[in-house]
*Asks:* 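Dumping the structure here so I can ask a few things about it.
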Amino acid sequence: MKSVEAKPKAEHAAILRAIAAIPPGCVASYGEIAARAGLPKRARLVGRVLGETPAGVAPWYRVLRSDGRIAFPPGSREFREQVRRLAAEGVLVRNGRVDLAAHGWERNLDDLLWGPPPPAKKAARGKRRPTGD
DNA sequence: GCCCTGACGTGAA
DNA sequence: ATTCACGCCAGGG
C-alpha cells in the first residue's frame, strides 16, 4: 500500500493546533505559528489554512503579521472583526497594529528571560504616565 | 504543465 | 517610516 503519502491535512491540523495554543490576551505571527507547527517557512500556508478554516474552530484573530499588523486591509469587515475580538481580550490595536512587545506570545517570554526592558526612550510628546504604573 | 495570486517574511534602497 | 524586490509554498485558471 502506498500509505507513504501523508495527507496535507496533517499540516493543517498542526497549524490549527499551534493557533489554538496561543494564550488569550496574546498574539502570534503567521511565521511563529508555522514554526511552532513544525513548518519553518510556511507562513503563507498558515494564512491559507485560516482562510479555509471556518471561524470558531480556532482563535484566528490572535494571528498577525510579523510586524504586529493585521493582515486584512484596514476598514475591511474582517479587519474590524479582528480588532474587536482582540480588544475583547485586552489587546489594543493602534492604527491597525498591535504591540508585540506587550502581547507577543513567545516574544514576551523571551523578554522576561533575557532582559525586558530597553528603557531608554524619549518622552513621548505629551504622553506621560503620572502614576508610576 | 505554465502563470498568477495570496490572511507571509526579511532585507535593502 | 515607506517602498521595492526576492524568496516561499499551495491553489486555481
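Labels below follow one simple rule: chain letters A, B, ... track the order of the sequence lines, proteins then strands, and each chain is numbered from 1.
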*Asks:* Counting the atoms with a prime plus P, OP1 and OP2 as sugar-phosphate, which does A:Leu50 contact under 4.0 Å by heavy atoms, base, sugar-phosphate, or nothing?
*Replies:* base
*Asks:* Between P on B:dC8 and CD1 on A:Ile19, what's the gap in Å once rounded to a whole number?
*Replies:* 12 Å
*Asks:* With sequence neighbours excluded, tell me which residues meet side chain to side chain contact (heavy atoms under 4.5 Å, CB included) with A:Pro24.
*Replies:* A:Arg62, A:Glu89
*Asks:* Would you kindly give the CG-to-C1' distance between A:Leu86 and B:dA7, to the nearest whole Å?
*Replies:* 13 Å
*Asks:* Could you check whether any side-chain heavy atom of A:Pro73 comes within less than 4.5 Å of a side-chain heavy atom of A:Phe79, counting everything from C-beta outward?
*Replies:* no
*Asks:* Would the distance check show the side chain of A:Arg97 and the main-chain N or O of A:Ile70 forming a donor-acceptor pair, the cut-off being under 3.5 Å?
*Replies:* no
*Asks:* A:Trp60 CH2 to B:dA7 C1': how many Å, rounded?
*Replies:* 9 Å
*Asks:* How do A:Arg48 and A:Leu64 order along DNA chain B: which one's closest nucleotide is nearer the 5' end?
*Replies:* A:Arg48
*Asks:* Could you state the CZ-C1' distance from A:Arg65 to C:dT2, rounded to the nearest angstrom?
*Replies:* 14 Å
*Asks:* Side chain of A:Tyr30 only, heavy atoms from C-beta on: which candidate in C:dA1, B:dC8, C:dA10 is closest?
*Replies:* B:dC8
*Asks:* Which of the following nucleotides, B:dC8, C:dC9, B:dA7, is nearest to the side chain of A:Arg42?
*Replies:* C:dC9
*Asks:* Checking contacts here: which listed nucleotide (C:dG11, B:dG9, B:dA7) is nearest the side-chain heavy atoms of A:Ser29?
*Replies:* B:dG9
*Asks:* Under 4.0 Å, heavy atoms only, any strand: does A:Gly31 hit a base, just the sugar-phosphate, or nothing?
*Replies:* sugar-phosphate
*Asks:* In the structure I gave you, are the side-chain heavy atoms of A:Ile15 and A:Thr53 within less than 4.5 Å of one another anywhere?
*Replies:* no
*Asks:* What integer distance in Å separates A:Asp67:CG from B:dG9:P?
*Replies:* 8 Å
*Asks:* Atom CZ of A:Arg69 to atom P of C:dT3: distance rounded to whole Å?
*Replies:* 10 Å
*Asks:* Short question: side chain of A:Arg36, backbone of A:Ala14 - any donor-acceptor pair under 3.5 Å?
*Replies:* no
*Asks:* Take atom CG of A:Leu45 and atom C1' of C:dG7, then tell me their distance rounded to the nearest Å.
*Replies:* 16 Å
*Asks:* Mind checking A:Arg97 for me? I need base, sugar-phosphate or nothing, with any heavy atom below 4.0 Å counting as a touch.
*Replies:* sugar-phosphate
*Asks:* Once you apply a heavy-atom cut-off of 4.0 Å, does A:Arg44 come out as touching a base, just sugar-phosphate, or nothing?
*Replies:* base
*Asks:* Could you give the CD1-to-P distance, from A:Ile15 to B:dA7, as a whole number of Å?
*Replies:* 15 Å
